[in-house]
Amino acid sequence: MEFTASQIASFIDGKIIGDANALITGVSPIESGETGHLSFIAQDRFTHYLDTSKCSVIIVSEDLLTKDSYNTTLISVKDAYLSFQILMNLYQEMQGRKEGIENGSSIHDTATIGDNVYIGAFTYVSEKAKIGEGSQIYPQVYIGKGVKIGKNCKIDSGARIYDYCIIGDNCVIHSNTVIGGDGFGFQPTPDGFKKIPQLGNVIIEDDVEIGSNCSIDRATIGSTVIGKGTKIDNLIQIAHNVKIGKNNVIAAQAGIAGSTTIGDWNQIGGQVGIVGHIKIGNQVKIQAQSGVNSSVNDRETLYGSPAISYNDYLRNYIHFRNFTEIVNRINNLENNSKDKTNE
């Protein structure tokens with residue numbers, strides 16, 4: 001598709017500096033711009049590209065502009081990063097949505113399929129499952145008995161949604177993620193570990209996105225819950241009976257043990273480990289690779305394993321880096337003290 005600078009500016013309420021008829025046929029990172037392409041600059045460290053980039057049009061945050069004219073056509077906006085996101089979403093919508101049921105898929109007679117749904121080849125929809133209007137179910141997806149999927153969801157190839165799990169509206173589940181597998185529940189006995197039946201389900205509320213190769217386990221009884229607007233990266237384990245609130249972001253390879261409750265608007269870094277049966281408050285920030293083994297109050301920032309206050313960690317780490325020198329100084333002081341005592 002082709003757009004002029006003027007058309008692009010109209011989508012994002014931008015001001016054109018340069019040729020309003022400059023033609024765009026693609027997009028590029030600003031570091032490797034091409035003629036006929038669009039890019040953006042939202043940080044001061046990239047402003048040198050305003051005069052050197054080969055891009056035909058650049059969206060730029062207005063507070064980064066220092067002169068009236070540039071070699072490249074610019075679209076000045078309040079926030080270039082946000083404006084570029086808006087354009088990408090518009091472009092994705094223009095690609096159209098698939099509809100219809102492809103050959104090779106299997107849909108149980110008792111399943112309910114909403115209007116304008118797409119179901120790809122080799123997908124299996126079990127008995128009494130419900131798929132809401134406008135949802136996109138890509139090839140080789142498994143949807144278990146009694147599963148409910150809301151409106152305008154996207155379930156990518158290879159995802160597995162086990163029996164009786166519930167997915168809200170506008171959710172995205174990426175490839176090879178498993179929703180509703182058994183929780184890790186075993187009872188030790190003299191004869192070995194005996195499996196505890198996992199009879200609950202998983203509830204995923206509206207506007208949640210879950211990356212690829214994640215596992216979200218069903219509850220032993222009750223529900224494992226992922227709150228509205230939460231975004232989950234790839235390769236994440238969420239155990240049985242975990243309750244996660246609204247608008248959390250959880251980075252790759254994090255693991256959350258069973259029956260832990262997490263509040264709203266938290267940021268959990270990559271490879272964070274959280275033990276079971278604790279409570280994490282709201283607006284908490286947990287730095288990457290931290291290990292959390294006790295409950296956390298609202299608005300704390302944690303680092304380390306076991307995790308402590310971020311500021312305390314930084315102060316302690318300065319001493320840790322000088323630990324050998326500190327030990328040598330103590331040894332020297334002890335030796336000098338012994339020498340004086342011997343005198």
Side-chain angles (χ1 to χ4, degrees), residues 1-98 136 138 152 154 156 170 172 174-175 207-212 229-235 247-253 265 267-271 283 285 287-288 301 310 314:
M1 288 186 281
E2 295 182 347
F3 296 94
T4 64
S6 178
Q7 289 172 318
I8 292 169
S10 69
F11 294 143
I12 55 177
D13 195 24
K15 177 184 176 182
I16 295 174
I17 302 173
D19 181 8
N21 294 314
L23 196 63
I24 296 303
T25 59
V27 295
S28 292
I30 193 64
E31 299 91 339
S32 55
E34 300 179 23
T35 301
H37 279 204
L38 172 75
S39 193
F40 74 100
I41 294 176
Q43 298 180 39
D44 183 67
R45 62 194 178 102
F46 294 110
T47 53
H48 61 281
Y49 287 108
L50 289 172
D51 288 313
T52 61
S53 176
K54 294 180 181 179
C55 285
S56 297
V57 179
I58 300 174
I59 301 168
V60 59
S61 298
E62 58 188 21
D63 60 350
L64 299 179
L65 298 174
T66 58
K67 53 186 182 179
D68 295 330
S69 63
Y70 292 84
N71 296 333
T72 301
T73 295
L74 307 181
I75 300 176
S76 173
V77 294
K78 186 174 181 180
D79 185 335
Y81 187 67
L82 178 59
S83 294
F84 198 72
Q85 284 183 309
I86 291 171
L87 288 176
M88 288 191 292
N89 284 323
L90 286 172
Y91 180 79
Q92 188 175 49
E93 290 174 9
M94 290 176 182
Q95 302 308 300
R97 298 167 64 87
K98 291 188 174 184
Q136 309 272 287
Y138 282 77
N152 298 314
K154 180 184 178 185
D156 276 326
N170 308 310
V172 177
H174 289 276
S175 293
D207 305 311
V208 170
E209 181 157 350
I210 301 170
S212 62
T230 287
K231 313 302 181 187
I232 296 173
D233 200 358
N234 306 321
L235 295 165
N247 298 310
N248 292 277
V249 287
I250 306 175
Q253 298 183 3
W265 291 101
Q267 299 176 33
I268 298 173
Q271 297 186 333
Q283 300 180 47
K285 296 180 180 178
Q287 307 294 322
T301 300
Y310 180 72
L314 293 181

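Residue numbers run from 1 in the order of the sequence given.
- Using cut-offs of 30° and 60° for the angle between ring planes, the Phe11 and Phe3 rings count as perpendicular.
- Judged by distance alone, with hydrogens and angles left aside, the side-chain atoms of Thr4 form a donor-acceptor pair with the main-chain N or O of Gln7 at under 3.5 Å.
- Contact of the Ser76 side chain with the Leu74 side chain is not registered, since no non-hydrogen atoms from C-beta on lie closer than 4.5 Å.
- Two residues are said to be in side-chain contact when any heavy atoms from C-beta on lie closer than 4.5 Å; Thr25 and Glu34 fail this criterion.
- At a threshold of 4.5 Å between non-hydrogen side-chain atoms, the residues Lys54 and His37 do not count as touching.
- A distance of 5.0 Å separates CG in Asp19 from OG1 in Thr73, rounded to the nearest 0.5 Å.
- The main-chain N or O of Asp207 is found under 3.5 Å from a side-chain atom of Lys231 such that the two form a donor-acceptor pair.
- The heavy-atom pair separating Asp51 from Asn71 by the smallest distance is O-ND2, 3.3 Å.
- Across Lys98 and Gln136, no two heavy atoms sit closer than the pair O-NE2, 2.7 Å.
- Ile17 has its side chain within reach of Leu65: a pair of non-hydrogen atoms, C-beta onward, lies under 4.5 Å apart.
- Remark: side-chain polar atoms of Asn234 are paired, donor with acceptor, to backbone N or O of Ser212 under 3.5 angstrom.
- Just one residue in the list Cys55, Pro29, Ser32 forms a side-chain contact (heavy atoms from CB on, under 4.5 Å) with Ser39, and that residue is Cys55.
- Once rounded to the nearest 0.5 Å, the distance linking CD1 of Ile75 with CD1 of Ile8 reads 5.0 Å.
- Within the 4.5 Å cutoff, the side chain of Leu87 has heavy atoms near those of the Leu38 side chain.
- Using a 4.5 Å heavy-atom cutoff, the side chains of Leu23 and Ser56 are not in contact.
- Contact record, Gly33 with Ser53: CA-OG, 4.3 Å, taken as the closest heavy-atom pair.
- Proximity of Lys154 to Tyr138: side-chain heavy atoms (C-beta onward) are separated by under 4.5 Å at one or more points.
- If you run side-chain contact (heavy atoms from CB on, under 4.5 Å) between Phe40 and each of Ile59, Val57, Val77, Ile30, only Ile59 comes through.
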